[in-house]
Each structure stands twice: as C-alpha cells, then as structure tokens.
K.L.:
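Once you've had a glance at the structure underneath, I'll fire off some questions.
Everything numeric in this text was worked out from a predicted model, so none of it was measured.
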Amino acid sequence: MKLKEFLDYTYILPVLAVIYYFSGLMGGGVVYDIIAGILLTGSVLSAVHHAEVVAHKVGEPFGTIILALCITIIEVALIISLMVAGGDDAMTLARDTVFAAVMIILNGIIGICILIGGVKYYEQFFARTSATTYLVSIVSILVLTLVLPNFTSSVNGPFYNKAQLIFVSIACLVIYGVFLMVQTVRHRNYFIITDEDPDSHYIPTKFATIISFVFLIICLVIVVLMAKGLSGTIEDMVRSVGAPKSLVGVIIAAVVLLPECVAAIRAARSNQIQSSLNLALGSALASIGLTIPAVSVVCIMYEIPFVLGLDKKDIILLSLSVFIVMLSLSRGKTNILYGTVLLVNLAAYIFTVIVP
C-alpha cells in the first residue's frame, strides 16, 4: 500500500472519530453532537469499505460472516454495558434491541435490497437452499427466545428462570454452530453463485487485508462507543416527542446495523443479491443467536432482571415479517413487490412503536 492511500476518508474519518470521542467533547451541546453524528456516519461508511476489502480476500461466504460476527460482538458489548449501567430500568433493553434488529434486517435491509435490485434489474436470482437454511435456523431461535417465555410457568411474566435461560442459550449456540459448519464446510455451495460477482478478480494483498481488518475493528468499536455516548441525547429526544422507551432500542439497532445495511445495498446495486441475503440473514441469525446467550450469562452473573418475551402486538408483527420473508424468498428470484411489502411491514412496526 502507498502512503497516499492512507489519506483516503476510510482511514482519516475513523481516526478523527477516535480522537473526538476521547477528547471529551461529546455531550457538550447540539453542535458537538452533530459533529459526533457526522464522524459516526463516516466511520460506518469506512467500515463498509474495509469489510469489502476483507471479503474480497477471504471470499464468500467468509467475508459476510466476518462482518456479521464483528457487528454482533459490538452489539452485545453495547447492550451489556447499557444494561449493567441501567439496572432494573434496562431489563427490556436487550429484548427491544434484538427484536428491533431482527425487524430492521428482515423487513428493512432485505426489503430495500430487493426493491433496489428489482428497479434496476427487474429480477435477481439467488440460491433458494441458502434462504431456507437461514430461515430454518432464524425461526427456531426466534420462537425459543422471544415467544416461548410468554408461555412458561416456572416464573410469572415474560421471563425465563435460570435453568431455562441456560438451556435456551445452549440451544441457540448449537443451532448457530451447526449452521456455520453447514455454511462454510458441508454445503458452502448453497451460499455462493459463482458468476454473480463481476469484481471477483480483484484480490487485495495480504498487507492491505490486514490493515483493512484492523480498521474494520476500529470502525465498529468507535461506532458503538459514539452511539453509546449519544444514547443520552437519543433518550432525551425520544422523551421530548412523547414516544415509548422501546424506541431507543430501535435507534440503537439501526445505528449498529448501518454498516451491514450499506454493504448489502451496494451488493444489490451490483446485481449481487446473494451477497445481500448472506449479509442480511446472516446478521439476523448472529444477532439473536449470539446476543441472547451472551446477555443471559451477564444477567445470571449480576442477577439483572431480563425480560425476553414479546407482547402480543410484537408477536403478530414478527410472525407477519417472517411469513412474508419466507414467501418472498421461496422461489429463488425477487421483484419489486416483495421489497415494497417488506418495507410497508417495517413502517408498520416503527409506527406502532411510536404510536402503540
């Protein structure tokens, strides 16, 4: 790599964001928060660039797995830090954030990608077996973690007791672990369309890949740190408009998922819908399959009350979203109608969060 390449915004903005965060200027007023928001957005775009460099080097589906795992780890760290600091007041934060992430991914990211691809290419094609493999795992974990707690009787309310939390956490890890083995070893061909990527001949050097991976981690960490630093401003904004506190979880999930959203949209615009689906569905699976076990461990250790079960309204919206996604991905090809319906579902979810 040449020295001038380090003068690109994908290197400069994350460094400026780190300096700004540790300078203590955040929270000093509206202007300071706007600057933080600009640097946060720049870090998100930088993360997408560096993730794509790494993906070109390691190939699919490993590139999308790396981005999904990195963002999930950061999401877990953000949720846990806010829960430990918030105590009883934050006992629904993990549920709200994970549910929001799943709804944004299934309806928002997939919907936008399908709509953009449909407008530009009319139809885009992907491997149905990959979508089925993702959705089988996602649906099982969703029911075990967000629906079943409402119907158990060991404790009152939408809670799991300690033994149930341990069992469900192990179940999530088993499903996700076997899925990774299927995706990367036994049935890797399910998740790849060889003639889909016109830029597949570009392979970065080993040094460039290492640098990009380091900057990818830096970008993701600083995005979450700045999002956490802006959480007070976000909560004040939510209270000022009279919206429920659950909207905070939606905003946090949206910020954390920005890098994957941008990367998935760029892939769809390049007629790489399989990569878009790998990113989106892989993120949904990692988000819930890894976040719940990690948060469960912390909540058991610190004896933090941990609400998991969704209310009836959210269960209906989740069921609708999963059902529509399953129908949309059942034929191996997409069109603009599928994307439009999914985005309407997302709008209904956000509207009912604001106006329950």
Side-chain angles (χ1 to χ4, degrees), residues 72 75-76 78-84 86-107 133-180 244-250 252-253 281 283-326 345 348-349 352-353 356:
T72 301
E75 179 187 8
V76 169
L78 178 60
I79 291 173
I80 290 175
S81 63
L82 292 176
M83 286 189 71
V84 172
D88 292 349
D89 294 335
M91 63 181 180
T92 62
L93 179 64
R95 180 200 65 184
D96 293 340
T97 303
V98 169
F99 176 55
V102 171
M103 293 295 286
I104 290 171
I105 291 168
L106 294 183
N107 295 297
T133 307
Y134 277 119
L135 290 171
V136 164
S137 306
I138 290 171
V139 171
S140 176
I141 294 178
L142 282 174
V143 174
L144 287 175
T145 55
L146 299 181
V147 179
L148 188 59
N150 291 319
F151 301 97
T152 54
S153 56
S154 297
V155 291
N156 293 325
F159 296 89
Y160 275 141
N161 63 23
K162 182 177 178 180
Q164 291 168 335
L165 268 180
I166 293 172
F167 171 79
V168 170
S169 298
I170 293 173
C172 291
L173 293 175
V174 168
I175 292 173
Y176 188 71
V178 174
F179 169 81
L180 280 184
K245 193 174 181 180
S246 56
L247 183 60
V248 176
V250 177
I252 291 174
L281 294 175
S283 298
L285 182 56
S287 177
I288 194 166
L290 297 179
T291 300
I292 298 301
V295 173
S296 297
V297 170
V298 174
C299 289
I300 291 173
M301 289 175 57
Y302 290 93
E303 298 183 352
I304 300 174
F306 181 27
V307 176
L308 267 180
L310 298 171
D311 59 29
K312 294 179 182 179
K313 169 180 66 69
D314 289 337
I315 290 176
I316 291 173
L317 287 170
L318 178 63
S319 301
L320 174 65
S321 300
V322 171
F323 185 60
I324 296 300
V325 169
M326 292 176 70
N345 289 347
Y349 161 64
T352 54
V353 169

K.L.:
Please give me the minimum heavy-atom distance between Gly289 and Cys172, naming the atom from each residue.
P.N.:
O-CB, 3.6 Å
K.L.:
What distance separates Thr145 OG1 from Arg95 CZ, expressed to the nearest 0.5 Å?
P.N.:
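Output value for this atom pair is 11.5 Å.
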K.L.:
Supply the atom-to-atom distance Ile175 CD1 to Ile141 CD1, rounded to the nearest 0.5 angstrom.
P.N.:
4.5 Å
K.L.:
Just jot down the ring pair (Phe, Tyr, Trp, His ring centres under 6.0 Å) partners of Phe99, sequence neighbours excluded, or say none.
P.N.:
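Partners of Phe99 by the ring pair (Phe, Tyr, Trp, His ring centres under 6.0 Å) criterion, ordered by chain and then number, come out as Tyr349.
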K.L.:
Is it the case that the side chain of Thr152 and the backbone of Pro149 share a donor-acceptor pair, with hydrogens and angles ignored and the cut-off at 3.5 Å?
P.N.:
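Here the side-chain-to-backbone pair exists.
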K.L.:
Report all side-chain donor-acceptor pairs from residues 304-317 shorter than 3.5 Å, counting only partners two or more places apart or in another chain.
P.N.:
from, atom 1, to, atom 2, distance (Å)
Asp311, OD1, Lys313, N, 3.3
Asp311, OD1, Asp314, N, 2.8

K.L.:
For a 4.5 angstrom cut-off between non-hydrogen side-chain atoms, does Val250 reach Thr97?
P.N.:
no
K.L.:
Give me the atom names and distance for the closest heavy-atom approach of Val139 to Met326.
P.N.:
CG2-SD, 4.5 Å
K.L.:
Test side-chain hydrogen bond (donor to acceptor under 3.5 Å, both in side chains) on Ser321 and Asn345; report intermediate values, then the result.
P.N.:
CA-CA 7 Å; Ser321 300; Asn345 289 347; 4.8 Å; no
K.L.:
Could you report the tightest heavy-atom contact between Ala253 and Ala100, atom names first, then the distance?
P.N.:
CB-CB, 3.9 Å
K.L.:
Can you check whether Leu281 reaches Leu285 side chain to side chain, under 4.5 Å on heavy atoms?
P.N.:
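They are not in contact (no side-chain heavy atoms under 4.5 Å apart), so the answer is no.
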K.L.:
Measuring from Tyr134:OH to Leu106:CG, what's the distance to the nearest 0.5 Å?
P.N.:
12.5 Å
K.L.:
Kindly compute the distance separating CD1 (Ile138) from CD1 (Ile105), expressed to the nearest 0.5 Å.
P.N.:
8.0 Å
K.L.:
Enter the distance from Asn161:CG to Ser154:OG here, rounded to the nearest 0.5 Å.
P.N.:
4.5 Å
K.L.:
To check you understand the geometry: which heavy-atom pair defines the closest contact between Phe151 and Val147, and what is its length?
P.N.:
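Looking at all heavy atoms of both residues, the closest pair is CD1-O, 3.4 Å.
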K.L.:
Within this structure, what is the CD1-OG distance for the pair Ile292 and Ser287, rounded to the nearest 0.5 Å?
P.N.:
8.0 Å
K.L.:
Taking all non-hydrogen atoms of both residues into account, name the closest pair between Tyr160 and Val168 and its distance.
P.N.:
CE1-CG2, 3.5 Å
